[in-house]
Participant: 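This is the structure I want to talk about, given as structure tokens.
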Protein chains: 2
Amino acid sequence: MHSLDLAPSDLRILIAVHRERSFSAAAISLGLTQSAVSHAIRSAERKVGVVLFDRGRGGALPTAAGESVVTHARRVLRLLETMGREAQTVASGQASGVLRLATFRSAAVYLLPSVLERFSIKHPQVDIEVAIVRDVDRGLAGEVADGKADLALATVAPTTEIPASLISAELFAEPYWLIHPPKLSDLRLLPLITWDENCSEETKKWLAAQEWEPPKTIPAADDSVVLSMVAHGLGFAVMPRLSVANCDSRIAVQRLDGQTPTRHVGYVTTPEMAPTLAVREFIRVLRDCLTVPASATL
Amino acid sequence: MHSLDLAPSDLRILIAVHRERSFSAAAISLGLTQSAVSHAIRSAERKVGVVLFDRGRGGALPTAAGESVVTHARRVLRLLETMGREAQTVASGQASGVLRLATFRSAAVYLLPSVLERFSIKHPQVDIEVAIVRDVDRGLAGEVADGKADLALATVAPTTEIPASLISAELFAEPYWLIHPPKLSDLRLLPLITWDENCSEETKKWLAAQEWEPPKTIPAADDSVVLSMVAHGLGFAVMPRLSVANCDSRIAVQRLDGQTPTRHVGYVTTPEMAPTLAVREFIRVLRDCLTVPASATL
DNA sequence: CTTGTTCCATGAATCCTGCTCATGGATGGC
DNA sequence: GCCATCCATGAGCAGGATTCATGGAACAAG
């Protein structure tokens, strides 16, 4: 088991060079000399037996192998970090430290408050940092995969593919609803208001299935803007229930005909974090809150 | 991100002490002095901020925190190892190194040969070590969880629970069959032959559902022994199809009545190994071979 | 072409960390 | 009480990591 003797400091240097695309910039960002970085990279390359960065005039570009190594390096550092946190958790018998949570707007607004309240009563030592992230592209799962968050509350199916190297499970499924201004002659004459998020794909699918082609499509920044635009009579939209939660009286809500699409919301985390007490407890509280959701007041 | 500056050598020392339950024995096993180990453990404990081993007369016993740290440490080392392997793989464009595969007997005998042949043609640089492990207790998944294997072919449901910190997926499901000597008066008078493996639970369940109480139960060492005993007329058995593959003519095979139990066979691997080229390719070849299985000659 | 700038590489000097050596204290068997 | 067997600790040493002081290469501007 000759497990590649790269110390955490070496890994940090690799990551810094990767980030800065430059030995000297990496050196500054770490408070080292350019020489130290150069030596460290060279010794790392000798140990791995592969060139990790192409040095050129413009700085240092990671090779394919370099990319791979840096990805692993980040993971090693995260694992070391959770190792420390977990040790303290186990020793003190209670979770402590920081839990970085990423989620989409509507969950943060309508779902999280009660969850956070219950969680912080049970685990006052845990600081929760909530990041609201739009679920586009790799979206929330990407946030976790990149190590920017420990846990995400996200759409887990069917639009979004969760990479196999992450752990996820569904928490609940919710229907999409049709929302529109209350007084209307023919809904089909109204423009469709969309927003750029993974789950908005469902909107299009359902409309297509209904052979409903809106006269116009208006893009909005996020789901709360969509709501506001609908409230002002600018058009209609198809949105997941959570986004429609406690919206104002100028909006009429109506079930979808036919094959009602549903959005599946769940959590996503890394294999490193999953066995962690803080994460397990947070998921437990989430589940508890969802059986009797405070947001069931729709 | 103060990620706990424990170098690989420190981690190895922690693991050795955990294994040997003694500073001095660990020192010997690592070719160090007892003093070095003592210093290292003390400094590790200062860094983590927690006592990791209770020192007493009889040596050093890991505390709960120590257990947790060592588990993580093993994982860090494995991750560093795959980091190196992957770097070489990416740089050379082809998988190389060792792939440690654990599986149960019948898969190794009837499934693997064709898979291994195809895989080694595609990836001649990869050495595959096959370990045949009986699937009892934590069984094959445990083999992977403990880092003794990179990939396991195992029963993934419903008997065995795969821990959430591992990655697994089903490859195929197969029915259980009833096997017995060909000429018989009443099957219910024959003894049941069982063997000690997780999937043999299914046998009992099905018999119970049929209200079939065999007059006697004979335990055998493994499934091949069961087959041989049935062939010699010593009793009957309920076995998954794969175990029954190409068994001899002195055995009669028959479908089960009622709710036919099925065994779900899949792969199990770690999140570290899953994105690895060697593992991904092996699973691909597995899947390919299963759509047109060479063992479809039953 | 020259000069200057901005990269990284390299060798020698220095500093610090990790190891060994040589002890000492604690615990328990005989 | 003596001895064996643990681990702890401090001093000293050696080697690896970092810095310092250079040098070479690529490129842009004059």
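Source: prediction; values computed, not measured. Naming convention: chains lettered A, B, ... in sequence-line order (proteins, then strands); numbering from 1 in each chain. Keep in mind that the numbers below use all heavy atoms, side chains included, and drop hydrogens, waters and symmetry copies.
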Participant: Looking only at the side chain of B/Ser35 (C-beta and beyond, no hydrogens), which of the listed nucleotides D/dT9, D/dC27, C/dG11 gets closest?
Facilitator: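 That would be D/dT9.
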Participant: Among side-chain atoms of A/His123 and A/Gln94, is any donor-acceptor pair under 3.5 angstrom?
Facilitator: no
Participant: Heavy atoms from C-beta onward define the side chain here; which of C/dT20, D/dT19, D/dC7 lies closest to that of A/Thr33?
Facilitator: D/dT19
Participant: Hey, what do you get for CG (A/Leu112) to CD1 (A/Ile128), rounding to the nearest 0.5 Å?
Facilitator: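 Between atom CG of A/Leu112 and atom CD1 of A/Ile128 there are 8.5 Å.
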Participant: Report the C-alpha separation of A/Arg78 and A/Thr270 in whole Å, then their side-chain angles, then the decisive distance to 0.1 Å, and conclude whether the side-chain contact (heavy atoms from CB on, under 4.5 Å) test is met.
Facilitator: CA-CA 10 Å; A/Arg78 245 181 299 147; A/Thr270 60; 3.8 Å; yes
Participant: Would you kindly give the CD-to-C1' distance between B/Gln34 and D/dC6, to the nearest whole Å?
Facilitator: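 Computing the B/Gln34:CD to D/dC6:C1' distance gives 8 Å.
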Participant: Expressed as a whole number of angstroms, how long is the span from B/Ile41:CD1 to D/dT9:P?
Facilitator: 14 Å
Participant: With sugar-phosphate meaning primed atoms plus P, OP1 and OP2, does A/Ser24 contact a base, only sugar-phosphate, or nothing at under 4.0 Å between heavy atoms?
Facilitator: sugar-phosphate
Participant: Calculate the interatomic distance between A/Ile28 atom CD1 and D/dT18 atom P; express it in whole Å.
Facilitator: 17 Å
Participant: Under 3.5 Å, is there a donor-acceptor pair linking the side chains of A/Glu272 and B/His72?
Facilitator: no
Participant: Regarding B/Ser22, tell me which of base, sugar-phosphate or nothing describes its non-hydrogen contacts under 4.0 Å with the strands shown.
Facilitator: sugar-phosphate
Participant: In whole angstrom, give the distance that lies between atom CZ of B/Arg57 and atom P of D/dC3.
Facilitator: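 To the nearest whole Å, that distance equals 15 Å.
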Participant: Nearest whole Å is fine: how far is D/dA25 P from A/Asp54 CG?
Facilitator: 18 Å
Participant: Roughly, in whole Å, what's the span from CZ in B/Phe23 to P in C/dA26?
Facilitator: 17 Å
Participant: Tell me the interatomic distance from B/Leu32, atom CG, to C/dT17, atom C1', rounded to whole angstroms.
Facilitator: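 Rounding to the nearest Å, CG of B/Leu32 and C1' of C/dT17 are 14 Å apart.
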Participant: Suppose we call a contact any N or O donor and acceptor under 3.5 Å apart; does that hold for the side chain of B/His39 and the base of D/dG10?
Facilitator: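 Such a pair exists between side chain and base.
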Participant: Could you walk me through whether A/Phe282 and A/Leu116 pass side-chain contact (heavy atoms from CB on, under 4.5 Å), step by step?
Facilitator: CA-CA 9 Å; A/Phe282 194 88; A/Leu116 291 179; 4.0 Å; yes
Participant: Give B/Arg55 one of three labels, base, sugar-phosphate or nothing, depending on what nucleic acid heavy atoms sit under 4.0 Å from its own.
Facilitator: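 Touches sugar-phosphate only.
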Participant: Considering just the side-chain nitrogens and oxygens of A/Arg42, establish if one lies under 4.0 Å of OP1 or OP2 belonging to C/dT10.
Facilitator: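 For C/dT10, OP1/OP2 do have a side-chain N/O of A/Arg42 under 4.0 Å.
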Participant: Round to the nearest Å and state the distance from B/Leu30 atom CG to C/dC19 atom C1'.
Facilitator: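 Taking atom C1' of C/dC19 as the reference, CG of B/Leu30 is at 13 Å.
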